[in-house]
Every structure is written in C-alpha cells, then in structure tokens.
Amino acid sequence: MKPDSSEIRWVDESPLNMGERSYLPLFWDGLTTTFRHLIGPKLTVQFPEERHQFPDPLIYRGVHRLNRDEQGRVKCVACFLCATACPAHCIDIVAAPSPWPDREKYPVVFNIDMLRCIFCGMCEEACPVDAIELTSLYDLSGKSREEMIFDKEKLLSIYDQTKDQEPPGWLRGKREIEDLIELPQDDQDLTQDK
Amino acid sequence: MISFAVVTCIKIAVLLAALMTAAAYLVLVERWIAAWVQDRLGPNRVGIPLTNIRIFGLGQPIADGLKLIFKEEFVPGHVDRILYNVAPVVTFVAAVAVYAVVPLGAVDLGISGWAPVDLTVVPAFDAALIFLFAANGAAVYGIILAGWSSNNKYSLFGAMRGAAQLIAYEIPLSLALIALACYAGTLRIDEIVLQQAESGVWNIVLHPLAFVVFFVAATAEAGRLPFDLPETEQELVGGFHTEYSGMRLMTFLVSEFLHMITAAVVIVLLFLGGWHLWFLTGSEPVAGIGGAIIRIVVFVAKVLAVVFFFMWMRWSWPRFRFDQLMTLAWKPLISWGIVQVTILVVWYAWWEPLVVSQGWSSLPVLGLINWVTFILTWVITAAVAQPHYDNSPRRDLVRLAQDMREGSPYLESPTVRPCDA
C-alpha cells in the first residue's frame, strides 16, 4: 500500500502536555502498573500437581477416544469418513464384516498416529455416529514412536477413562455448531472477488 | 607486612565469594521478579538434589551454573581466537576490580596490639573514586573486543552501540561525580560516606539533581534496561555475546550482574549514606564487631533495595531507541550535570561565605538551593526540550508523493519543504 493511498486513515497523536513532557506521570504509571502485578495474584498452574481446569472440557480438542455403545461394543461403523477427512492422514482403519446385525462393518484395526495428528477435530466433525471424539486430556507423552500410535483398545480405554466427566455426544445431544454460525444467505458473496 | 598480606588475601577471598554468590542469586531474584511482574511464579522447583525438598527454588543458581559449566564451549571457526578468549576475562576483571575500593567501614577486633581493621581491600586510597570509574569504564574494552573478535555483524553492532553508549554516559556520570567531589572536598569514598554519617544528611537529600543524573547514567553504564542497547535480544540476537557459549558466556553474564551490583553499591555509597542509618549504626569511623555486622547488614540491605529498583524498572519502562538514548545523554543529562557543578562551585566561591557570615547554618540553605535548581531544571527541560520522541506519521512523505504526481510549486523551490506548508 502506498503512503498516499486514500484508504489510509491517518490518526494524529495529541500533543504532549506539560505533565507528559516532564515524563514523571509516565514513570509513575509504569512503576505502579508493574508493582500491581508484582504483588497481584499469579496465574501459573503448577502442572503435575494441579491441572488446568477448562471452562468447558467438551469443546477442548485433546486426545481422541473411540466411544462404546450401550452394549459396550465399539460404536464405529468403519465408514472411513474420519480417515478421509483427516488432513494429516493419521487415521488407519481396517474394516471387516460386522458380527452384529445392526451394522454392516466394524473396525478390526483402528490406529491413530498421535505424532502426525494435528488435533484439528475434523474426524469428530465427520463421524456420522459420534464414535470418535476428542477429549480434554492434553498431556500425552511416550518413550517411542511406536508407543504414540494409539490402537483400538487404547482408544476404547480412553473412553472408559473419560466417559463420566465427558459423556459422549449421542448421550448429551450433539451441540449444533451449525446453528451457532451464521452462514451468508447468498452463496454468491463468497465467490465474488472484490 | 606478612600479616597485612594475609589480611588482604582474606578480604579478597571473602569479597569474591560474596560477590559470586550474590551474582548467582541475583540472577534468581531477577527471574523471580520478571515472573511476578508477568503474573507467573518463577523458578520454584529446584531444591536439594536427590530429594523432593524444594526450598523456593534456591537450588536454581547451582543448577544453572552446573549446566553452563558442563555445556560445550563452541568456538566458531571465524573468530579471532586470541581476542575472543581475552574479552570475557577483561570484562570480568574490570567488573571485579571495582570492589577493591568499596568501603564497608572499619572494625576494631578487640585484640590488643591490633590496629582497627579496615573492611576495604585497598583502604585509605586517595583516588578511590577515580579508580572506581576507571575500572568500571574499562569494561567497555571487553565488550568491544568481544564484538570485534566474534567477526559477526550483530556482535559488532552491539559492541559499537556499547562503546558509543558508555562514552556518552561517562560524561554526565563524571559531572555528577565532580559535583559530589566538589561538595565533599575529597575523592576518598570512605570519607564521603563518613561525612554523610556525621552530618546525618544523605547526599540524595542534599543533591537531588546530581542523584538523578548519576542514577540514570549509572543505569546506562551497567547496561540495564531501559539502556541495554548493546545486547537487545530482540534486535541483535544478544549483541556482543552472540557467539559465546558455556563458561565464557557465563563470565559475561556474571560480569553484567556485577556491573549492576557495582552501580547499586556506588549509588548507595555516594548518595544513600553507605553503611549509615539513623539511630542504628552510629557515625564514628571505627565500630566494634557487633557494630560492624550491623553496618554491613544495613549496607547490603540498601544495595539490595537499589538492585530491586533496577529489576523493577526493567519491566516498567520500554527500551530506548538508539537516537533517544544518545539525545538523553548529550542534551538533558550533560546540561543538568553542568548546572549542578556550576551551582556547587558558585556555592563554595561566593554563597557559602555569605550564608555563614549571616550566621545561618549552611546545609539547609544548600539543600534548598539544590532542590529549587532541581525542580526548575526539570520543568524548564520539559517546557523547552524538543519532543524528540515524535512518532507521528510522516505526512510530509504523503504530501511529497502527491506533489510529485500532480506537480506543486513547493517542488520548485528547494528551501520550502512540503511539510512546512
């Protein structure tokens, strides 16, 4: 943008008055501000002993889990929508014909490579049966790369571990995010180039 | 003679140990204060090794030191090896040598046949003030050597900034000192402290203008924020010590902290009464053992208070731009220093005899004159000084661009700038 562009709005600083030119009020402002913080309450969370409390753990995008249905079976139907939606290609599913009458397929293998995952939550958005969800667990670590590839049992155990604090979406009624976002009425607006 | 050597060696050993410990722990205090100002807790984990006992993180300096000692000392291939190795040593020696003349008072050990022991490495040194500032100023050699030998543009920029800054701020510093030496009539630091103790009036009360000039200049000499232009992590990647690592880097960092402690010590000695505190320390030159301990505690407490102010100030005020830094030194500070020196010289030449002949006591009158001068100079500077911190948008550039496109009479005459119209 050129300096004489008409889109630039120039904002003038007001000239310094006598008090400001002596700098004393400014020195005082700086010192008192820092001193207030110096003696004020601290925000640090002492991590291993205390844990960060999320205002709403349900919207945090942490480690994944695979939900179980009412009968304790894996809820996933191996439709591959999450693996397709995943921008990091970290979900690896091997499907097999389902032994249960209520669905066609189920996952024999369900691996998530946590080292590739970018925790974007697209898999959760894509899932038609609310089977994969992101929990509020944020401190995952491992000693090897192999350890960081979470398999089906591990993901199901995370569900067992977190289901009480964070009930699965199909139990609590999935949040209708689409309702919260106002989409432009006229789709043409998005394509018009100004 | 031998006993003198032994006593001096003991003094040096005690002083060095105290200084190293103080520098290490002030790094911790600095990190605490930085954290508290930013609403954090700061280092509070490291305690006694191999246990779970955390004594407020007091083990942190030991861990930091061990880490730096065991780190690889990487020497880049492009440096001038001799100067590169000499630079940290020069800086460190200059920073430590200052403490040879710092007086802590004298103590009578109560042993018969012993003269009172002066708690100074070099006692009764007539040119102590000059030595102090010569040694302090020598630190800039280390900075320049480091910056030059690193063969790195950022380091060189840092070194040049450091040199320019130190030269600029030596002048107001010296002017404030000259004013003080005029007043005290001596260059012996222990005498200056003793005068303050005997009269009970600290020099900060008597010479506020000299104090302000000295404080600002000493902060700049120590390279503390808002005057840390030689290093400026954000601009120069660490400035003159960019290419250093391991122990050499630690030497630089410790020297830097020693400079800050030096600045605080000198401010306390010259302006805040040294070891003197009313109703507590007495004012006689030689104290008993108990009195000496009280005096050292008072002195250290004062130094720590000033150091705390340095650390607090660091987070309160933003860093100067380089032109602002230079303007501050060359315009207001030097003028103020000259004003203060003039006032004191005139006081001794004409006004003091006048006041004494009237039968008034001279200290209150001198204090009054100094305070009036202080307030007047500050107000006049504020009123008269050009606002060289002007960050307003460059409208003249806009006008120039328009004029060049559309044609303007101002462009014809070179004497009238478009922004003047």
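Order of the sequence lines fixes the chain letters, A, B, ..., with proteins taken first and strands second; residue numbering starts at 1 for each chain.
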side-chain contact (heavy atoms from CB on, under 4.5 Å) evaluation trace for R45(B) with Q46(A): CA-CA 10 Å; R45(B) 299 257 159 176; Q46(A) 301 260 40; 2.7 Å; yes

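- Atom-to-atom distance recorded for L328(B):CG and Y23(A):OH is 9.0 Å, nearest 0.5 angstrom.
- Nearest approach of R21(A) to A382(B), heavy atoms of both residues: NE-O, 2.8 Å.
- Of the two parts of S22(A), the backbone and the side chain both hold a non-hydrogen atom closer than 4.5 Å to a non-hydrogen atom of chain B.
- Of all the heavy atoms in T44(A) and L41(B), the pair that sits closest is OG1-N, 3.0 Å.
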Residue pair L31(A), F309(B): steps toward the side-chain contact (heavy atoms from CB on, under 4.5 Å) verdict: CA-CA 10 Å; L31(A) 287 176; F309(B) 188 78; 4.1 Å; yes

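- Heavy-atom contacts from other residues, nucleotides or ligands closer than 6.0 Å to CD of E104(A) number 12 or fewer.
- Closest approach of D39(B) and P41(A) over heavy atoms only: OD1-O, 3.8 Å.
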Chi angles and distances behind the side-chain contact (heavy atoms from CB on, under 4.5 Å) call for H37(A), W36(B): CA-CA 7 Å; H37(A) 285 275; W36(B) 294 340; over 6 Å; no

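- Looking at W317(B), only its side chain comes within 4.5 Å of chain A, counting heavy atoms on both sides.
- Taking the side chain as every heavy atom from C-beta outward, F35(A) and V37(B) never approach each other to under 4.5 Å.
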Chi angles and distances behind the side-chain contact (heavy atoms from CB on, under 4.5 Å) call for W315(B), L38(A): CA-CA 10 Å; W315(B) 299 101; L38(A) 190 77; over 6 Å; no

